[in-house]
Amino acid sequence: MPVRTRFAPSPTGFMHLGGLRTALYNYLYARRCGGQFILRIEDTDQERFVPGATEVIYDTLKGCGLTWDEGPDVGGPCGPYIQSERKDLYLPYAQQLVESGHAYYCFCSKEEIDERRAAVEAAGGTWKYDKHCLHLSKEEVQEKLAAGIPWTIRMNAPTEGETSYHDTVFGDMTFPNAEAMDDMVLIKQDGMPTYNFANVIDDHLMGITHVMRGMEYLSSTPRYNFLYEAFGWEVPTYVHLTTVMRDAQHKLSKRDGDAYYSDFVDKGYLPEALLNYLALVGWNPGDEREFFTLPELVEAFDIHRLNKSPGIFDVQKLTWFNAEYIRRMDPEKYLEAAAPWFDRVLAGKGIDYARLAELTQSRTEVFNQLPDMVAFLAELPDYDLELYTHKKMKTNPEVALSSLKLVRPVLEGLTDWSEASLHDAVMAAIQEAGLKNGAVLWPLRIAIAGVANTPGGAFEIAALLGREETLRRLDIGLRRLENA
RNA sequence: GGCUCCGUUGUCUAGAGGCCUAGGACGCCGCCCUCUCAAGGCGGAAACACGGGUUCGAAUCCCGUCGGAGCUGCCA
């Protein structure tokens, strides 16, 4: 039987990183096995409907290269792939369960249930639906239905015995039915199936062989199995995935502003880096490789190497991955990616982006660092004269003044303003004066950059700024040092 | 509370009784290179939650304790 996996997000408007990893693993396993990867949108909760949310899902998956074989936009033999469009399909299945005694109509209102729940909890008990409506006769049910009383359909869960299943990651699981089961709602008052019900129906109808999902479903799986068995359907292989955490206590969450794919991409993280990193939170290839293209991940992926313990999302490691990916980028691609970030502060300044790109590529961990890194090129910052002091370079404002005085005529007399001739001319002057390189180059770089750290040295910066601007800044430095 | 799962350096992990004086990676620290910052090279500190067993031998098996997480919705 061909492997079929699915990613079944609910359209909330954002792609959570944990969800993206789930999608990735589903994709990887399907591809690894030469099977199919299906995208299904679970929007049975109409109150949570967010316009445009499905596009976010499409865009994210596409941006990451996770292609699906069947889904709302590409169709397929098991469509539709949006649960709200399948709405009418679920009720007959629920009714079938009513017929067989595995489910029943419930006419309790939310208020009535809340009341009973409160009473039980006040008495120190644990509430579970009390099967109140299970005991209605067929006639009573018909009457209430005919009278138009709002209803739901509930599962008639067993109250004794236990349910066992095997999970690929967690092994053999056994739950006492009295604890794990309850008469969960299958069809809601609004006619929509609950997630739990729609999930089982759809996974079966779509021929899903491997259900890979978050481990929060570990303890509700017995209820799913009850449904599969009630229908006489084959139970899929379960692969429960650990949670991606922010820290030991908390899941990655929207409140932290760092849980979504878009948060990272907007900051200038590369989708490939994000995906590579995410793949390694909760899974490893069994050897010491860390860098994987998507095809390489497909090749290496093995559901038996999935971890059982939750992983904490480490932005630092992600950032390192991103920096590595940036360093490995084709220089032209890097230039293309960096240019918009340069533009934020350098637009119209006539800076040589190609050279700037060469200088910044190995210094960029995340693209959003670029504007701050290069802003000094646009305008000389109002710097503190103490920047001229550097112990190791053997320089201070006094030394700097004489160094700049030495260098000023050399630069002035240059006809070819290239890095090479700047280098040769200045180095010759330093030699001749018998000075240490640092004692001249540090002050020069500070004078023309106005910041302690720059992507490149004095010659690169001077070349980037051009003759006129370099001399202008040099003069500002000289003036300030003379007046100090 | 009940049920269930998890527990190797700060973090991701390797480890399926002797190969472990516990390996790799990020981060951290130091040195080298160097006009700064990166990059690069070299080196370092840093872990088997705890307590009992089983065994000639335990990070690996068993029990307990502690810690953390999940579920306990007409959310998914």
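Order of the sequence lines sets the chain letters (A, B, ...), proteins ahead of strands, with each chain counted from 1.
- Within 4.0 Å of A:Phe459, counting heavy atoms only, lies at least one base atom of the nucleic acid.
- Across B:U9 and B:A45, the matching C1' atoms stand 10 Å from one another, rounded to whole Å.
- Among the heavy atoms of the strands lying under 4.0 Å from A:Ala248 are primed sugar atoms or P, OP1, OP2 only; no base atom is included.
- Among B:G70, B:C37, B:C35, the nucleotide with an atom closest to any side-chain atom of A:Arg363 is B:C37.
- No contact: A:Gly214 has no heavy atom under 4.0 Å from any strand.
- Here A:Thr174 lies in heavy-atom contact (under 4.0 Å) with sugar-phosphate atoms only.
- A:Lys308 comes within contact range of the sugar-phosphate backbone alone, with a heavy-atom separation under 4.0 Å but no base atom that close.
- Using a 4.0 Å heavy-atom criterion, one finds that A:Tyr217 contacts the bases of the nucleic acid, with or without backbone contacts as well.
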Which is it for A:Phe301 and A:Trp283 under the ring-ring contact (aromatic ring centres under 6.0 Å, His included) test, yes or no, and what are the steps along the way?
-> CA-CA 8 Å; A:Phe301 191 66; A:Trp283 173 83; 5.5 Å; yes

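- Relative to the six-membered ring of A:Tyr129, A:Arg154 meets both conditions, a distance below 6.0 Å and an angle of at most 45° to the axis.
- Comparing B:G67 with B:C62, their P atoms are spaced 22 Å from each other, to the whole Å.
- Across all strands shown, B:C19 has no partner, as no Watson-Crick or G-U wobble contact with both distances under 3.5 Å is found.
- Note on A:Arg213: nothing from the nucleic acid sits closer than 4.0 angstrom, heavy atoms only.
- Using a 4.0 Å heavy-atom distance criterion, A:Arg289 is classed as making no nucleic acid contact.
- In this structure, A:Arg363 forms no cation-pi arrangement with A:Tyr334, as its terminal cationic atom is not both closer than 6.0 Å to the ring centre and no more than 45° off the ring axis.
- Out of B:C5, B:G40, B:C35, the shortest distance to the side chain of A:Asn437 is found at B:C35.
- Closest contact between the side chain of A:Phe175 and the listed nucleotides B:A76, B:U72, B:C3 involves B:C3.
- Across B:G70 and B:A59, the matching P atoms stand 31 Å from one another, rounded to whole Å.
- B:G73 atom P lies 11 Å from atom CG of A:Asn196, rounded to whole Å.
- Checking B:C5, B:A69, B:G73 against the side-chain heavy atoms of A:Gln249 singles out B:A69 as nearest.
- Ring to ring, A:Tyr383 and A:Tyr388 are close: their centroids are under 6.0 angstrom apart.
- Within the nucleic acid shown, A:Glu324 comes within 4.0 Å of sugar-phosphate atoms alone, with no base atom in reach, counting heavy atoms only.
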Report the C-alpha distance between A:Phe14 and A:Tyr261 in whole Å, list the side-chain angles of each, state the deciding distance to 0.1 Å, and finish with yes or no for ring-ring contact (aromatic ring centres under 6.0 Å, His included).
-> CA-CA 8 Å; A:Phe14 298 93; A:Tyr261 173 78; over 10 Å; no

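- The residue A:Ser309 sits close only to the backbone: its heavy atoms come under 4.0 Å of sugar-phosphate atoms, none of a base.
- Contact annotation for A:Lys392: base contact, defined as any heavy-atom pair under 4.0 Å involving a base atom.
- Distance from the side chain of A:Trp320 is smallest to B:C26 among B:C74, B:C26, B:A39.
- At the heavy-atom level, A:Thr44 lies under 4.0 Å from the strands shown only through sugar-phosphate atoms.
- Looking at heavy-atom distances under 4.0 Å, A:Asn307 makes contact with sugar-phosphate atoms alone, never a base.
- Heavy atoms of A:Ser10 sit under 4.0 angstrom from primed sugar atoms or phosphate atoms, though from no base atom.
- Distance check on atom C1': B:U4 versus B:G10 gives 29 Å, rounded to whole Å.
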